[in-house]
Amino acid sequence: MAKCDSFTEDLLTNILGKCYEISTQTKVDVFFDYAPHTSEIMIRIYPNGWSAEADCEYIRHKGTNSIYFDNEDGTERLEYALEQLAKLYDQYKCEMKLSGEVET
């Protein structure tokens with residue numbers, strides 16, 4: 001079980017917020033799954049929106065789809081996830097501008 005500290009809480013809040021921002025501001029759907037019993041998150045990305053047939057991508061860290069944060073490099077792992085989401089958001093916004101889906 002994860003210990004409660006404000007820095008981890010802030011990182012998780014920012015990650016969830018970025019997932020929400022991407023999902024509401026682009027055509028991409030981002031799913032955030034949290035497993036408190038294992039101190040684990042999983043972030044699934046559907047670049048063209050969710051559908052039952054669509055394959056998803058993951059924010060992957062060191063070869064796994066899950067990001068565990070109750071260990072010595074847990075903060076680094078959460079920061080990595082947030083950085084990856086920010087990069088993806090910038091990429092998706094740029095793609096939308098290039099395709100004319102949003103006003104510049």
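Atom set for the values below is all heavy atoms of this structure, side chains included, hydrogens, waters and symmetry mates excluded.
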Pairwise distance SG(Cys56) to CG(Asn48) - rounded to 0.5 angstrom: 12.5 Å
Is atom CZ of Phe31 surrounded by more than 12 heavy atoms (other residues, nucleotides or ligands) closer than 6.0 Å? yes
Do Leu12 and Leu16 come close enough that some side-chain heavy atom pair is under 4.5 Å? no
Would a 4.5 Å heavy-atom cut-off, applied to side chains only, mark Tyr92 and Ile45 as touching? yes
Gap separating the NE2 atom of His61 from the CG atom of Leu78, nearest 0.5 angstrom: 9.5 Å
Are Tyr34 and Leu82 linked, directly or through other ILVMFWY residues, by side chains that come within less than 4.5 angstrom of each other? yes
Once rounded to the nearest 0.5 Å, what's the spacing between atom NZ of Lys97 and atom NZ of Lys93? 6.0 Å
For Asn65, check side-chain contact (heavy atoms from CB on, under 4.5 Å) against everything at least two apart and list the hits. Tyr58, Arg60
For a 4.5 angstrom cut-off between non-hydrogen side-chain atoms, does Leu11 reach Phe69? no
Sequence neighbours excluded, the answer for salt bridge (Lys or Arg N to Asp or Glu O under 4.0 Å) partners of Glu21 is Lys18
Test of understanding: with salt bridge (Lys or Arg N to Asp or Glu O under 4.0 Å), list the residues that count as partners of Lys87, not counting sequence neighbours. none
Can you run down the salt bridge (Lys or Arg N to Asp or Glu O under 4.0 Å) pairs that involve residues 76-86, sequence neighbours left out, and say none if there aren't any? Asp73-Arg77
Restricting to non-hydrogen atoms, name the atom on Ile22 and the atom on Thr26 that form the minimum distance, rounded to 0.1 Å. O-OG1, 2.6 Å
Within-4.5 Å side-chain heavy-atom neighbours: Gln25 and Tyr89: yes
Shortest non-hydrogen contact from Trp50 toward Asp29: N-OD2, 2.7 Å
Give me the one residue out of Ile41, Ile67, Ile59 that meets side-chain contact (heavy atoms from CB on, under 4.5 Å) with Ile15. Ile41
Nearest heavy-atom contact between Ala81 and Ile43 is CB-CD1, 4.2 Å
Please list, chain by chain and in numerical order, all residues satisfying side-chain contact (heavy atoms from CB on, under 4.5 Å) with Ser66, sequence neighbours excluded. Glu40, Met42, Thr64, Tyr68
At their closest point, which heavy atom of Ala54 faces which heavy atom of Gly49, and how far apart are they? CB-O, 4.2 Å
Among all residues two or more places apart in sequence or in another chain, which pass the salt bridge (Lys or Arg N to Asp or Glu O under 4.0 Å) test with Asp33? Arg44
